[in-house]
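See below for the structure under consideration.
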Amino acid sequence: MTAGSSGTAYEQTVRDALRLAANGPARGVNPQVGCVILDADGTVIAEGWHRGAGTAHAEVDALSKLAPGAARGATAVVTLEPCNHTGRTGPCAVALIEAGVARVVYAVDDPGVASSGGATRLREAGIDVIPGVLRDEAEAFLGDWLTSARLGRAVVTVKWASSLDGRAAADDGTSQWITGAAARADVHRRRAGHDAILVGTGTVLADDPSLTARDADGRLLAHQPVPVIVGDRDIPTDAAVLRHPREAIVHRGHDLQALLAELLRSGIRSVFVEGGPTVASAFIRDGLADTLLVYLAPVILGGSRLAIGDVGVPGIGDAIRLRTTAVEQLGDDLLVIATPERPTTDQNTASNENPVTTKNGQH
Ligand code: AOF
Ligand code: ZN
């Protein structure tokens with residue numbers, strides 16, 4: 001490899017491209033992508049970024065700022081592998097080939113089934129392609145967009161609050177409030193960090209939750225996750241969730257993987273699952289709980305109202321093992337954050353040999 005084709009020479013430019021990418025919308029169907037075009041001397045001649053689904057991709061946005069022929073022999077530095085498909089716009093790999101660029105440098109491979117393959121196409125056209133420059137930074141930047149694209153579904157956080165002995169309610173069903181104010185404020189902050197908040201119809205009927213994200217004074221936080229309700233039972237027309245600032249999505253089916261794939265297609269990358277126990281257990285059983293957030297209050301309730309029910313674990317050998325990624329104390333309560341020991345795998349590699357991704361707990 002010649003000095004000129006070494007990726008490290010382009011790290012600063014990839015960093016600049018990531019900064020450009022951040023100008024685009026952080027939520028929605030499409031990723032934030034940035035592009036810098038350098039002439040043969042390494043001088044920046046154009047910059048571009050993507051402004052959301054239906055608009056020009058970053059590469060095409062940058063090329064559009066150049067006179068015809070001006071990109072001949074240039075280097076395009078992009079945060080994501082140029083796409084190879086005609087989606088809402090045309091393939092960027094072709095646009096770069098037609099513009100006559102000599103080299104393409106990028107950070108992260110395109111995870112899309114239809115859109116990937118741009119690097120191969122560019123190489124076949126004789127273009128020098130340097131992948132993986134600042135890959136880790138760019139992967140962290142893309143966050144849930146990348147994870148959800150690789151999984152082919154929205155990423156899931158399952159949250160519950162329970163007594164120290166794992167009960168979500170007292171025997172008569174009352175549950176307000178098991179955890180204290182600090183833990184509840186933490187939940188609201190994390191709700192606002194997700195695109196959707198999901199509960200079962202049982203929880204809507206039992207608790208009539210508003211499913212909004214609020215501050216300590218009850219004011220709505222800037223971002224409100226879309227409420228999603230799953231289950232077979234009808235919701236009363238005066239349910240609080242129907243007054244949510246975002247229109248609720250009601251889902252009747254039981255195929256959670258299909259629901260999450262559907263949500264991703266509508267631009268929902270992350271879902272905060274708030275229960276009740278039946279719904280939370282179903283996500284865990286189906287291998288769809290990517291992160292668990294467990295708030296534990298120093299109180300004992302005993303009885304039968306367990307926070308989590310059947311998750312398809314008949315014997316200890318089948319236990320769903322987790323890795324603890326953080327423990328925080330919030331007032332008197334504890335927050336434990338854990339993820340499955342085996343990462344939830346992507347749609348293309350999921351197989352019946354992997355207990356985390358099989359349905360119905362069949363191992
Ligand atoms: C973007 N912006 O700058 C790049 C993308 O349906 P489309 O045509 O908007 O294609 C979206 C896909 O194209 C996206 O999921 C990603 O795989 C690829 N590259 N997308 O939105 C961009 N370069
Ligand atoms: Zn593209």
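Atoms within a ligand are numbered from 1 in the order they appear, just like the ligands themselves. Residue numbers start at 1 and run along the sequence shown.
Contact check on Asp290 versus Arg153 returns a salt bridge, with a Lys/Arg side-chain nitrogen under 4.0 Å from an Asp/Glu carboxylate oxygen. Using a 4.0 Å cut-off between a side-chain N of Lys or Arg and a carboxylate O of Asp or Glu, Asp144 and Arg269 do not qualify as a salt bridge. Ionic pairing of Arg19 and Glu137 is not present here: no N-O contact between side-chain nitrogen and carboxylate oxygen is shorter than 4.0 angstrom. At a threshold of 4.0 Å, the pair Arg167-Asp171 does not count as salt-bridged, since none of the basic side-chain nitrogens sits closer than that to a carboxylate oxygen. Ion pairing between Glu274 and Lys159 holds under the 4.0 Å rule for side-chain N and carboxylate O. By the 4.0 Å N-to-carboxylate-O rule, Arg121 lies too far from Glu81 to be salt-bridged with it.
Checking His254 against Asp232 by side-chain atom types alone, a donor-acceptor pair falls below 3.5 Å.
Each of Asn30, Pro31, Val33, His50, His57, Ala58, Glu59, Leu80, Cys83, His85, Gly87, Arg88, Thr89, Asp110, Ser115, Trp145 has a non-hydrogen atom positioned under 4.0 Å from some atom of ligand 1.
Around the Zn ion (ligand 2), the protein N, O or S atoms found under 2.8 Å comprise His57 ND1, Cys83 SG, Cys92 SG.
The side-chain hydrogen bond (donor to acceptor under 3.5 Å, both in side chains) contacts involving residues 233-247 comprise Asp234-Arg252, where partners must be two or more places apart or lie in separate chains.
Legend: residues meeting ring-ring contact (aromatic ring centres under 6.0 Å, His included) with Phe283, ordered by chain and number and at least two apart, are absent.
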